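What you are looking at is a predicted structure, and each value in this text was computed from that prediction instead of being measured. Chain A is the first sequence line, chain B the second, and so forth, proteins listed ahead of strands; every chain is numbered from 1.
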Protein chains: 2
Amino acid sequence: MLRVNEPINQLLLAGGDNFLTSLSVDCVILGFHEGQLKVLLLKHRYRDMWALPGGFIYKHEPTDAAAYRVLKERTGLDDVFLNQFHVFGDPGRSSKEFHLEDFETDGIPMSSDHWILQRFVTIGYYALIEFSKAIPAGDLLSENCQWWDIHELPTLILDHHEIVNKALVALRLQLSHQPIGYNLLPEKFTMPELQKLYETILDKKLDRRNFQRKLLSFNILQRLDETKKGVAHKAPYYYKFDLEKYNDALREGLDSGW
Amino acid sequence: MLRVNEPINQLLLAGGDNFLTSLSVDCVILGFHEGQLKVLLLKHRYRDMWALPGGFIYKHEPTDAAAYRVLKERTGLDDVFLNQFHVFGDPGRSSKEFHLEDFETDGIPMSSDHWILQRFVTIGYYALIEFSKAIPAGDLLSENCQWWDIHELPTLILDHHEIVNKALVALRLQLSHQPIGYNLLPEKFTMPELQKLYETILDKKLDRRNFQRKLLSFNILQRLDETKKGVAHKAPYYYKFDLEKYNDALREGLDSGW
DNA sequence: TTTTCATTGCGTCATCATGACACAATGTAA
DNA sequence: TTACATTGTGTCATGATGACGCAATGAAAA
């Protein structure tokens, strides 16, 4: 228990001076693996519950930088796609009792007006990362950090389930305006992989042939001469994004409407 | 100057205990009048600058409620459409020097570590209101509160110009998913008025006939038997929204894409 | 070695949405 | 009474979309 208590104590003592006292960030870190969207979650140190990676904001730190910091610490990744999507600002969203109970189990005495027990407003970010590049790492409060299938989440603490859901809704709405495929897929990918990604995010089956036609019509993909090896049945071609054209297209939105 | 100083002093003394100390809300209040989008702005008490209506958040108040409170105070309106759209969290966005200078001009002594001078993260909200129903009212710090054409804004304080711009971008992206017409127009409106609204938000000319066809195809409008009176040339029909169908349609998005 | 068969690449067709524009009707102002 | 800007309605060519056919591929099964 010492392993955990020592860093916690440091956080509790110094934290109030270093951090903004009522604001935090929480990150919905998304990856795509084996045809499924995955979320990175941290195991609660005692409870049979999991939590989104989150953190406090240093007094002179941009909120975005705080989210990047959390992301770097949990995944080892630097240059990631990160998007603020919603503020969760209900006073009831965090529970003083919940945390007090934890610290009691820790054996850490805690006055009930300690800053860390107060109400926290949290800024939700979602991050899109290339699954294979991330190296999940636990934090002070949790040795266990791992990916969960977005459709088979464990019990989450507080309102973290709502945060994940809101992130998915935001992702769906921004699908045509953000380089979502580029950030979630490896550099080379096949058309069925890309389609599966869209299907997972939209939670909807798409026609294979029409999907291909539509995406090619955007002129953002570049087909490579290489086909996928060691695969049963006919081998699909590899594609990669033409980043320049992709970004140009996103500015207008891939699916204009108006 | 007393008129201003007395309430300011109360705010400064009691504020630190009542409010969250590093978080605020700012509202981009939008109305539509004479074919133009208008923003409600407050005149700075000394400077030749204007500001978005904003405010602090009580320690046990939901952030959304704080925004509603600001809105009610500035417009007298209760039941408005309000949407959180972005958090502005750069430490450099507020300027301690700027505010210190103001308080010096007020003749109010202020220690440089006062909570009100510290860095503030602000949550941006946009509100859509029916122009004619609002009764703009100034606040403690500003007797002057008035509408400005979105394309002819005066100089704004701090990063408020950026906040307005971000609000417009968000509004554009959400145009097909939010009841924007319903909230900005009076109950009865003509097709040209509705079109002008869309053109203003999208900053783009639309073909009159195609626009009419498209909006009617959504089946969210109900044509009244009444035509607009006292207008030169041919009188257009009045329409109103079929709110039930409108809300149904918005759930899917008016312009699906996928 | 041959056969099987799920999967991929490419194409067709009917239908619907879109952009561009024509024309008659309306009703105030000249 | 006439002029004319504006509105209501419609047409037409083009392009996008959804539904589906068919041959080619290549590892796995026979």
**Student:** Do the charged groups of B:E193 and B:K228 touch, with an N to O distance under 4.0 Å?
**Tutor:**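 Answer for the salt bridge query: yes.
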**Student:** Mapping A:S217 and A:T227 to their closest nucleotides on DNA chain D, which lands nearer the 5' end?
**Tutor:**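 Counting from the 5' end, the first nearest nucleotide belongs to A:S217.
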**Student:** Rounded to the nearest angstrom, tell me the gap between atom CG in A:N219 and atom C1' in D:dA16.
**Tutor:**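 Nearest whole value for this atom pair: 15 Å.
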**Student:** Once ring-ring contact (aromatic ring centres under 6.0 Å, His included) is applied, do any residues pair with A:Y238, and if so which ones, sequence neighbours excluded?
**Tutor:**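 Here no residue qualifies.
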**Student:** Could you encode protein contacts along nucleotides 6-12 of chain C as a string, one character per nucleotide from 5' to 3', using B for base contact, S for sugar-phosphate-only contact and - for no contact, with a heavy-atom cut-off of under 4.0 Å?
**Tutor:** BBBBBBB
**Student:** Applying side-chain hydrogen bond (donor to acceptor under 3.5 Å, both in side chains) as the test, list every pair that has at least one member in residues 23-34 of chain B; sequence neighbours left out.
**Tutor:**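 Residue pairs with at least one partner in residues 23-34 of chain B: B:S24-B:T122, B:D26-B:T122.
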**Student:** In plain terms, say whether A:K204 and A:E199 are close enough for a salt bridge, that is, a side-chain N and a carboxylate O under 4.0 Å apart.
**Tutor:**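 Salt bridge flag = no for A:E199 with A:K204.
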**Student:** Name all residues meeting the ring-ring contact (aromatic ring centres under 6.0 Å, His included) criterion together with B:F81; count only those two or more places apart in sequence or in a different chain, and write none if there are none.
**Tutor:**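 In terms of ring-ring contact (aromatic ring centres under 6.0 Å, His included), with neighbours along the sequence ignored, B:F81 is linked to no residue.
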**Student:** Name the pairs: protein N/O against N/O of nucleotides 1-3 of chain C, kept only if under 3.5 Å.
**Tutor:**
none

**Student:** May I ask you to verify if any side-chain N or O of B:K214 is less than 4.0 angstrom from the OP1 or OP2 atom of C:dA17?
**Tutor:**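 No, because none of the side-chain N or O atoms of B:K214 sits under 4.0 Å from OP1 or OP2 of C:dA17.
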**Student:** Can you tell me how far P of D:dT7 sits from CG of B:L194, to the nearest Å?
**Tutor:**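 After rounding, the reported distance stands at 13 Å.
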**Student:** Go through the structure and list residues passing side chain to side chain contact (heavy atoms under 4.5 Å, CB included) with B:D248, not counting sequence neighbours.
**Tutor:**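 Expected list: B:R251.
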**Student:** Less than 3.5 Å apart, any donor N or O on the side chain of B:Y239 or B:E187 sitting next to an acceptor on the other?
**Tutor:**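 Short answer, no.
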**Student:** Taking atom P of D:dT17 as reference, at what distance in whole Å does atom CG of A:L254 sit?
**Tutor:**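 Nearest whole value for this atom pair: 12 Å.
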**Student:** Any side-chain heavy-atom pair from A:L184 and A:K38 closer than 4.5 angstrom?
**Tutor:**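 Of all side-chain heavy-atom pairs linking A:K38 with A:L184, none is under 4.5 Å.
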**Student:** How many Å lie between CZ on A:F218 and P on D:dA16, as a whole number?
**Tutor:**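 Atom CZ in A:F218 sits about 10 Å away from atom P in D:dA16.
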